Amino acid sequence: MRHSWPAVLLLLVLIAGCDDKVTRRDYSAPAAPRGVSSVTGDATVYLRWLENTESDVEGYRVYEAACANGPDCPYDPIGVTTGSVFTVTGLANGDTRYFAVAAYDREGNESELSFDTVFDTPRPEGFDRFLDNYLDRPDFSGWDFSAQTARNWEDARTDMFMGHNGTVYQMFVPDFATDIQDAGYGSSLDAIDFAPTAGWSPTGSVELIEGHCYVVWTRDNNYAKFRVSHIFPATSGAAARVVFDWAYQVDPGNRELLVQGTRGEPGARRPIVWVTKPAS
């Protein structure tokens, strides 16, 4: 069968056009995610970042490593998500881990890892614990962060204890090697993520205010925090009580805990100033 040259040329053009559409592929990777940050949890780290602006981004792959960079600490993938938040679970409290995020598109192109150096050290926490006024129930007035339990305020292992100064309820630390400060109002325990370097109470005491977060620097150089959820005044049948949430960093000296300054000598107990039993 014979074909005219115009018909043959048209057929070749159509074939070439179809082949171009079939073989064309997007090889451009998305930009690396920006603004990666973390929030510390109990055996858990909560990651978040800014969403990519490319229209073809399909999701994000999260990576974890034992150190920031170098051949001895490769970043291994631990999960994927289509959103800009990710919860890392099953971590060891006190073990610092590093995290990075990459974006991938519909063609499977993956970005470089995020450039932010993000690390976190999970720590134990607890909720709805209570302490009583040390003048009324001394055995339930002190708190030991490392053991996560209440103790007598005079126990050498006590990190802080509840009392009253005749006007307001207070939290005291028992010795000059332990410090405390009021960090202000916080909507949750997560409102305070890093220990400060200054601002410690010179008296070793703070006024207890519902909704306020507090930071404690223990005699063992560990960082702790607590948030007051309720204060119940003393009644004729019950001691005054503070209810609080708490968290304690078991790893001393890491970036989240490190506080520069001059410490008191361990074992030197603070004087309790103007502590009186409030009227029932």
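For the numbers below, each heavy atom of this structure counts, side chains included, while hydrogens, waters and symmetry mates do not. In this text the structure is predicted, and so the values were computed from the model without any measurement.
Criterion: ILVMFWY side-chain heavy atoms under 4.5 Å apart, direct or through other members. Under it, Tyr63 and Leu47 are not part of a common hydrophobic cluster. Under the 4.5 Å side-chain heavy-atom criterion for grouping Ile, Leu, Val, Met, Phe, Trp and Tyr, Val88 is not connected to Tyr98 through any hydrophobic cluster. By the rule that hydrophobic residues join a cluster once side-chain heavy atoms approach within less than 4.5 Å of another member, Val216 and Leu208 end up as members of one cluster. Tyr134 and Phe130 end up in different hydrophobic clusters when Ile, Leu, Val, Met, Phe, Trp and Tyr side chains are linked at under 4.5 Å. In the hydrophobic clustering of ILVMFWY residues, with side-chain heavy atoms under 4.5 Å counting as a link, Phe119 and Val36 come out apart.
Not one N or O on the side chain of Asp116 forms a donor-acceptor pair closer than 3.5 Å with the backbone of Ser37. With hydrogens and angles ignored, the 3.5 Å screen pairs no side-chain donor or acceptor of Tyr104 with any backbone N or O of Ala29. Looking only at distances, no side-chain donor or acceptor of Ser141 sits under 3.5 Å from a matching main-chain atom of Phe161. Of the possible donor and acceptor atoms, one in the side chain of Asn152 sits under 3.5 Å from a partner among the backbone N and O of Glu154. A donor-acceptor contact shorter than 3.5 Å is absent between the side chain of Asp105 and the backbone of Val57.
Taking CZ from Phe140 and CZ from Arg129, the interatomic distance works out to 14.0 Å, rounded to the nearest 0.5 Å. Between the OH atom in Tyr46 and the CZ atom in Phe86 there is a gap of 12.5 Å [rounded to 0.5 Å]. Here the CG atom belonging to Asp220 is positioned 8.0 Å from the OG1 atom belonging to Thr178, to the nearest 0.5 angstrom. A distance of 5.5 Å separates CG of Asp245 from CG of Asp128, quoted to the nearest 0.5 Å. Between the CZ atom of Arg137 and the CE atom of Met162 there is a distance of 12.0 Å, given to the nearest 0.5 Å. The structure places NZ of Lys225 at 5.5 Å from CG of Asp190, a figure rounded to the nearest 0.5 Å.
Residues Leu91 and Glu64 have side chains in contact (heavy-atom distance under 4.5 Å, counting atoms from C-beta outward). Side-chain contact check for Met160 versus Phe226: some heavy-atom pair is nearer than 4.5 Å. A 4.5 Å side-chain heavy-atom check between Val215 and Tyr223 finds at least one atom pair inside the cut-off. Between Thr121 and Gln249 there is a side-chain heavy-atom pair separated by less than 4.5 Å. By the 4.5 Å heavy-atom criterion applied to side chains, Ile209 and Tyr185 are not counted as neighbours. Residues Thr44 and Pro122 form no side-chain contact, since every pair of their non-hydrogen atoms from C-beta on lies 4.5 Å or further apart. Two residues are said to be in side-chain contact when any heavy atoms from C-beta on lie closer than 4.5 Å; Gln181 and Trp217 fail this criterion. Side-chain atoms of Met171 and Val228, non-hydrogen and from C-beta on, never get closer than 4.5 Å to each other.
Aromatic ring centres of Phe244 and Trp143: separated by under 6.0 Å.
Residue Gly94 comes nearest to Val250 through the heavy atom pair CA-CG2, 3.4 Å, listed as atom of the first residue, atom of the second, then distance. The two residues Ser55 and Arg106 come nearest to each other via the heavy atoms O-NH1, 3.5 Å. Smallest separation of non-hydrogen atoms from Asp182 and Cys213: OD1-O, 3.4 Å. Counting all heavy atoms, side chain and backbone alike, Ala68 lies closest to Tyr75 at O-OH, 2.9 Å. Ser111 and Ala31 make their closest contact through CB-O, 3.5 Å (heavy atoms, listed as atom of the first residue, atom of the second, distance). Smallest separation of non-hydrogen atoms from Leu113 and Ala102: CD2-CB, 4.0 Å.
Using modelled atom types, one finds no donor on one side chain facing an acceptor on the other under 3.5 Å when comparing Asn109 with Glu107.
For Asp95, the CG atom counts as densely surrounded, since its 6.0 Å shell holds more than 12 non-hydrogen atoms of other residues, nucleotides or ligands. Other residues, nucleotides and ligands contribute at most 12 non-hydrogen atoms within 6.0 Å of the CD atom of Glu112.
For the side-chain contact (heavy atoms from CB on, under 4.5 Å) criterion with Tyr169, the lone passing option out of His164, Glu207, Arg241 is His164. Partner of Arg151 under the side-chain hydrogen bond (donor to acceptor under 3.5 Å, both in side chains) criterion, chosen from Thr158, Asp144, Asp139: Asp144.
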Start with the C-alpha distance between Trp49 and Tyr60, add both sets of side-chain angles, then the distance that settles ring pair (Phe, Tyr, Trp, His ring centres under 6.0 Å), and finish with yes or no. CA-CA 10 Å; Trp49 55 89; Tyr60 303 88; 5.5 Å; yes
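Salt bridge present: Asp159 and Arg219 bring a charged side-chain N and a carboxylate O closer than 4.0 Å.
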